[in-house]
Undergrad: 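Got a structure for you, questions after.
In the text below, chain A, chain B and the rest are named by the order of the sequence lines, each starting its count at 1.
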Number of protein chains: 2
Amino acid sequence: MNIGEIAKRAGVSRSTVSYALSGKRPVSAATVRRINDVIAELGYRPNASARALAEGRTRTFGLVIPPASTRLTDVQLEFVASVVEAAAVHDHDVLLSPSGGDHDRSFERIVTGRRVDGVILMEILLADPRVDRLSQAGLPFVTIGHVEHPGASWWVDVDYAGLISRCVRHLADLGHQHVVLINRSDELVAAGYGPALRSTAGFLEAAGQRGLTAHNVCCADDPAAGLACFEQIRERWPGVTAAVTINEAALPGVQRALHRAALDVPRAFSLTGVIADRLAEDFYPPLTAADVPARQMARLAVDLLLEQINDPSATPRHALLEPAITLRSSTGARHG
Amino acid sequence: MNIGEIAKRAGVSRSTVSYALSGKRPVSAATVRRINDVIAELGYRPNASARALAEGRTRTFGLVIPPASTRLTDVQLEFVASVVEAAAVHDHDVLLSPSGGDHDRSFERIVTGRRVDGVILMEILLADPRVDRLSQAGLPFVTIGHVEHPGASWWVDVDYAGLISRCVRHLADLGHQHVVLINRSDELVAAGYGPALRSTAGFLEAAGQRGLTAHNVCCADDPAAGLACFEQIRERWPGVTAAVTINEAALPGVQRALHRAALDVPRAFSLTGVIADRLAEDFYPPLTAADVPARQMARLAVDLLLEQINDPSATPRHALLEPAITLRSSTGARHG
DNA sequence: TTGTAGGCGTTATCAG
DNA sequence: CTGATAACGCCTACAA
């Protein structure tokens, strides 16, 4: 079932059918009706590959996600779903590529096979080979997170440094003097993972300004590590009365540790950080936190990508989001 | 950069380049070398759309996931990642389509635009319009889960009825006499969601055989509902000493309810069910449960799909997996 | 072992 | 307003 068949049955030329469909040149109302009738009857839909070949665009985005071995966090997951949704709004499809390094086959297929019009890159590192690969290939792309020296590039990110600073100041205002940052894993920090490093910077800076005693602790991305990490913190620094975190995956373990130590939150201990709202709300008690606006970021990323695709010479834009900190019930005045 | 350019620089015809790449006809070693050198130098990769158009196959699968509004569970997520990974092994890409009903645009684009060679359909209902749509379109597909009367179709599923039965018998062996099934949401049951219905059937049957008092309770897919649900159960049926569940999303709430009621697991209460292994292990205490083998299911689904694509007249096959129940620490003899 | 040429299904240019 | 016709880049008979 191709456009020629439709043309034949409607008694017009193929180009007329094409134009009737795209509206790129006027077609008489009567002809359009006839064509539409035939199309409806035969259930015709243009062949995407042929169209892509002729148009030079695939109407498809590539979305590079962390490899399957890495457990996706809640925000990441929501982000993926939201990207697909946002793309669908613009009648675009999304091709998934789970890849870490740049020698990945599926990544290469996407970059170089002209299967996509642009790429959204999740979870980038401060120095990321994939970013270089993409700019070298001349393929439009938007990163979630930004490299160390973004220069002129397209990205959307959350201001981890700023948000963590605000969390610390919030705790300082409540009288806390000894605080800790439960960070992402050692490996991520070593690899140069922006959010982890920027959170550390914001944490130490704000703590310094307010004269707090502060410790930055890395914690693997799973509940067991969260539990162990929290217990170590309590042991090493018994005076700590509040924690800030960006490690969502560790939260269930932190919850268990709090229970086990019979620490009442927020009376005996305060907890806050940058956390997906759903997780913040599922915590007990609900966490005062900066909710990562995953849906909004996804929409923004798609918009930026489309802008770039439609006008390759456009000046690169970016967005550094600083969502509000939602006050819930996990932070309170220091009593310890 | 196209095949013609390579041919020119290598001093051969385009077909020779094509054959050198595909290996579908012998090419002299010297020529192959020359061609490969040029390709390496220019970084050429064939245009996927052109190839798809010529070959009549896209080397791409469609993966239909629940819409973004529905929160993806842990198993579902792992499944998505695993499908992409399994597809990559066969040099295939995966196009995502988040859709519930069958009037979905992205679903239609995939089905009818010949963008994919086949489709993997997650989370199907006992009577699912998308299944009809796909078979009508003549597009190869594999469902995760099976419709009410699968007849001759391709699917892979977990034997929920059998597994839940085994859980119940396990509890009966431990002396429990009053058990409850914490099921998925009302809406899913009403919509005809197979796992929920089959779990109910297996639960009631096994309970009947062993003469247990049994209740089937629906619970929305989130922690808050899990908490409320568990407390209602305790209130309505104080004699219940054990629960079986397939509702992963509700688990954190159940955990909280257990804590709140100061119920020691497994001394005072036993809990088991069909649960992703990671979640089972993150529970406190770790759950005795039938681990859903998401990775294996993904690999199987991809294999079945490829088999079907490569031989459209192949006899439909399916796989009903019955993973072992892993004994962890959440079930014990009844003391209540 | 290699080259020529037609076709895959669209879009877009150029005439009418 | 509408029809021919040439791309788009690759694959694959058919010839040599």
Undergrad: Can any side-chain N or O of B/Ser18 pair as donor or acceptor with the backbone N or O of B/Arg14 at less than 3.5 Å?
TA: no
Undergrad: Check residues 26-33 of chain A and write down every donor-acceptor pair under 3.5 Å in which the side-chain atom is one partner and the other belongs to a residue at least two apart or another chain.
TA:
| unit_1 | atom_1 | unit_2 | atom_2 | d |
| --- | --- | --- | --- | --- |
| A/Ser28 | OG | A/Thr31 | N | 3.2 |
| A/Ser28 | OG | A/Thr31 | OG1 | 2.6 |

Undergrad: Give the residues of residues 38-59 of chain B touching DNA chain C, defined as any heavy atom closer than 4.0 Å, sorted by residue number.
TA: B/Leu53, B/Ala54
Undergrad: Given axes from five pairs at either end, by how many degrees does the helix from C/dT1-D/dA16 to C/dG16-D/dC1 bend, rounded to 10°?
TA: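 Helix axis angle between the two ends: 40°.
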Undergrad: Looking at residues at least two apart in the chain, or sitting in another chain, which of them share a side-chain hydrogen bond (donor to acceptor under 3.5 Å, both in side chains) with A/Arg109?
TA: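 B/Asp91, B/Asp93.
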Undergrad: Got B/Val12 and B/Arg34 here, is their nearest side-chain heavy-atom distance under 4.5 Å?
TA: yes
Undergrad: Going by side-chain contact (heavy atoms from CB on, under 4.5 Å), name the residues that satisfy it together with A/Leu126, two or more places apart in sequence or in a different chain.
TA: A/Glu148, A/Leu197, A/Arg198
Undergrad: Answer yes or no: is there a donor N or O on one side and an acceptor on the other, between the side chain of A/Asp128 and the main chain of A/Leu125, under 3.5 Å?
TA: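 Yes, the answer is positive, given that a donor and an acceptor are paired below the 3.5 Å cut-off.
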Undergrad: Is there a donor-acceptor contact under 3.5 Å from the side chain of B/Thr112 to the main chain of B/Glu108?
TA: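 Not a single qualifying donor-acceptor pair exists.
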Undergrad: Under 3.5 Å, is there a donor-acceptor pair between the side chain of B/Asn2 and the main chain of B/Glu5?
TA: yes
Undergrad: A/Asn47: which residues meet the side-chain hydrogen bond (donor to acceptor under 3.5 Å, both in side chains) condition with it, sequence neighbours left out?
TA: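 Counting only residues at least two positions away or on another chain, A/Asn47 forms no side-chain hydrogen bond (donor to acceptor under 3.5 Å, both in side chains).
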Undergrad: When you measure from the side chain of A/Gln308 to the backbone of A/Pro316, do you find a donor-acceptor pair of N or O atoms at a distance under 3.5 Å?
TA: no
Undergrad: Could you tell me whether A/Gly11 contacts a base, only the sugar-phosphate backbone, or nothing, with contacts defined as non-hydrogen atoms closer than 4.0 Å?
TA: sugar-phosphate
Undergrad: Just call it for B/Ser15: base, sugar-phosphate, or nothing, with non-hydrogen atoms closer than 4.0 Å on any strand.
TA: base
Undergrad: Could you verify whether a donor N or O on one side chain and an acceptor N or O on the other, from A/Ser99 and A/Arg130, lie under 3.5 Å apart?
TA: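 A/Ser99 vs A/Arg130: no donor-acceptor pair found between side chains.
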Undergrad: So where does chain B start and stop touching DNA chain D, 5' to 3', when the test is distance under 4.0 Å to a non-hydrogen atom?
TA: D/dG9 to D/dC14
Undergrad: Considering only heavy atoms from C-beta outward, does the side chain of B/Val131 approach that of B/Phe141 to under 4.5 Å?
TA: yes
Undergrad: Rounded to the nearest 0.5 Å, how far apart are CG of B/Leu306 and NE2 of B/His92?
TA: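 Spacing of CG (B/Leu306) from NE2 (B/His92) equals 5.5 Å.
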Undergrad: Which of residues 17-24 of chain A sit near DNA chain C, with a heavy atom under 4.0 Å from it?
TA: A/Ser18, A/Tyr19, A/Lys24
Undergrad: Using only atom types and a distance under 3.5 Å, with no angle test, would you say the side chain of B/Thr58 pairs donor to acceptor with the backbone of B/Arg115?
TA: yes
Undergrad: Who pairs with A/Glu55 by side-chain contact (heavy atoms from CB on, under 4.5 Å), at least two apart in sequence or on another chain?
TA: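 Result, side-chain contact (heavy atoms from CB on, under 4.5 Å) vs A/Glu55: A/Lys24, A/Arg51, A/Arg57, A/Arg59.
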Undergrad: Looking at residues 29-37 of chain B, who's got a heavy atom less than 4.0 Å off DNA chain D?
TA: none
Undergrad: For B/Arg114 and for B/Val27, locate the closest nucleotide of DNA chain C by heavy-atom distance; then report the residue assigned to the nucleotide nearer the 5' terminus.
TA: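 The residue mapped nearer the 5' terminus is B/Val27.
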Undergrad: When you list every nucleotide of DNA chain C with an atom under 4.0 Å from a heavy atom of chain A, which one comes first 5' to 3', and which comes last?
TA: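 First-to-last contact on DNA chain C, by the 4.0 Å heavy-atom rule, is C/dG9 to C/dC14.
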Undergrad: Is any NZ, NE, NH1 or NH2 atom of the basic residue among A/Glu85 and A/Arg299 found under 4.0 Å from an Asp or Glu carboxylate oxygen of the other?
TA: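 Not counted as a salt bridge, because no side-chain N and carboxylate O are separated by less than 4.0 Å.
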Undergrad: Looking just at side-chain N and O atoms, do B/Tyr193 and B/Glu187 make a donor-acceptor pair shorter than 3.5 Å?
TA: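 Side chains of B/Tyr193 and B/Glu187: no pair found under 3.5 Å.
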Undergrad: Excluding sequence neighbours, so at least two apart, what forms side-chain hydrogen bond (donor to acceptor under 3.5 Å, both in side chains) with A/Ser49?
TA: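 side-chain hydrogen bond (donor to acceptor under 3.5 Å, both in side chains) check on A/Ser49 returns nothing, list empty.
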